[in-house]
Amino acid sequence: MSDPSPRTGAVSATAWGFLAPGLALISLSVLIPAAMALVMSFTQSGLDVSEPLRFVGLANIRRLLSDPMFFKVLGTTLLYLVGVVPPVVLGALALAVLVNRQLPGIHWFRAAFYTPVLVSIVVAAIAFRWLYAETGLINGWLSALFPEGFQPIGFLTNPLLALPSVMVVTLWKGLGYYMVIFLAGLQGISADLYEAAELDGSEGWRKHLDITLPLLRPYVTLVAVISAIAATKVFEEVYLMTQGGPADATKTLVYYVYDQAFAELEISYACTVGLALFVIVLLLSLVRFAFAGDKSFS
């Protein structure tokens, strides 16, 4: 085999030159901090950051496996995932089918459904916190509908209602984003397939079961995995609306990392919890890679 030509080497050097700034930025902001967190999960850090780290081996992992709060927040995180992912997939798919029509002004509906994605999560959380307040708009409407003996509902103060109430914010913010993914898949399906299905007697919603869902299976997998990873890493909604309360009912893994690192100053243990979170996200990512060979997805 002949040696690479000088032209090929020059092109490669140019490509790496353009990639270098991005790689340096990613290394400084992601790779190096991640490596440091991995190392710190096997050490014990003191309150004084100038003190050298003390290697403790698997002590933090043993502590993690015997920590009841960790398993509580892990269960809450998984519950959050289960409560968010199916509605996101079904809701976004339904919206995509709804707006994938050649109707006058349909682009306005697409823009309206996508608008929540553009709203800052801080603004959304504050707005929903006001809506959920005992003197807020939702309780005001309910009191107007049921004036006799109505007691304000503590959406964010009731341990049974707090987590579903926070889930609603995630759903409201995410439906439009995932709708666009499904819409891209729908517009890649030929109209001839639906016409052929109608000739075979498949009409109405039946044609979506026969044509749309099978052809969108890779997109469904993609949306399910992406939304599952996002739900696993939820933090802003919890921090801004409940701060893990009431009675730790909304404390998730990411919030537990934050709480251990900045409230309890247990930096090393927070890194260990973060390592567990990384493993969970990695497993979810592997699910996506398992379906990456699907030829129908492009």
Side-chain angles (χ1 to χ4, degrees), residues 77-119 121 124 163-164 166-234 236-237 252 277 279-298:
T77 303
L78 296 178
L79 184 62
Y80 201 96
L81 186 153
V82 172
V84 166
V85 173
V88 158
V89 174
L90 296 177
L93 180 57
L95 288 180
V97 171
L98 181 65
V99 300
N100 188 39
R101 299 168 181 266
Q102 299 300 324
L103 298 175
I106 193 64
H107 58 282
W108 291 108
F109 286 94
R110 295 176 183 174
F113 290 137
Y114 189 77
T115 298
V117 181
L118 306 178
V119 177
I121 186 60
L163 192 65
V166 177
M167 289 178 185
V168 170
V169 182
T170 302
L171 293 173
W172 182 80
K173 276 280 294 172
L175 280 176
Y177 175 79
Y178 300 114
M179 176 197 73
V180 172
I181 297 177
F182 281 129
L183 187 59
L186 284 172
Q187 293 182 349
I189 300 176
S190 174
D192 296 339
L193 295 175
Y194 291 108
E195 295 176 0
E198 290 180 0
L199 294 177
D200 291 336
S202 180
E203 298 180 353
W205 285 102
R206 178 64 185 272
K207 65 183 180 182
H208 292 298
L209 295 177
D210 296 335
I211 303 296
T212 305
L213 283 180
L215 293 180
L216 287 185
R217 184 172 62 86
Y219 292 86
V220 171
T221 303
L222 176 65
V223 169
V225 173
I226 293 177
S227 59
I229 293 174
T232 304
K233 299 189 296 182
V234 64
E236 292 91 343
E237 297 94 316
T252 59
L277 176 63
V279 172
I280 295 173
V281 173
L282 178 62
L283 292 175
L284 292 174
S285 300
L286 291 177
V287 173
R288 174 66 193 103
F289 290 136
F291 291 90
D294 196 322
K295 301 301 182 182
S296 62
F297 183 76
S298 58

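To the nearest 0.5 Å, atom CG of residue Leu81 and atom CE of residue Met167 are 9.0 Å apart. Expressed to the nearest 0.5 Å, how far CG of Asn100 lies from CZ of Phe182 amounts to 13.0 Å. Here the straight-line distance linking atom CG of Leu98 with atom CZ of Arg110 works out to 10.5 Å at 0.5 Å rounding. Expressed to the nearest 0.5 Å, how far CG of Leu222 lies from OH of Tyr178 amounts to 9.0 Å. Rounding to the nearest 0.5 Å gives a distance of 12.5 Å between CG of Leu93 and OH of Tyr219. The structure places OG1 of Thr170 at 6.5 Å from CD1 of Ile121, a figure rounded to the nearest 0.5 Å.
Minimum heavy-atom separation, Ala92 to Met179: CB-N, 3.7 Å. What you find for Glu237 and Tyr80 is that their closest heavy atoms are OE2-OH, 4.5 Å. When all heavy atoms of Pro87 and Leu171 are compared, the closest pair comes out as CB-CD2, 3.9 Å. Ser227 and Ala224 make their closest contact through OG-O, 3.1 Å (heavy atoms, listed as atom of the first residue, atom of the second, distance). Closest non-hydrogen pair, Pro116 versus Phe113, comes out as CD-O, 3.4 Å. For the residue pair Leu284 and Ile229, the shortest heavy atom distance occurs at CB-CG1, 3.8 Å.
Judged by distance alone, with hydrogens and angles left aside, the side-chain atoms of Arg101 form no donor-acceptor pair with the main-chain N or O of Ile106 at under 3.5 Å. Side-chain atoms of Lys233 do not come within 3.5 Å of backbone N or O of Leu277 as any donor-acceptor pair.
Among the candidates Val84, Val85, Ile280, the single residue satisfying the side chain to side chain contact (heavy atoms under 4.5 Å, CB included) test with Thr232 is Ile280.
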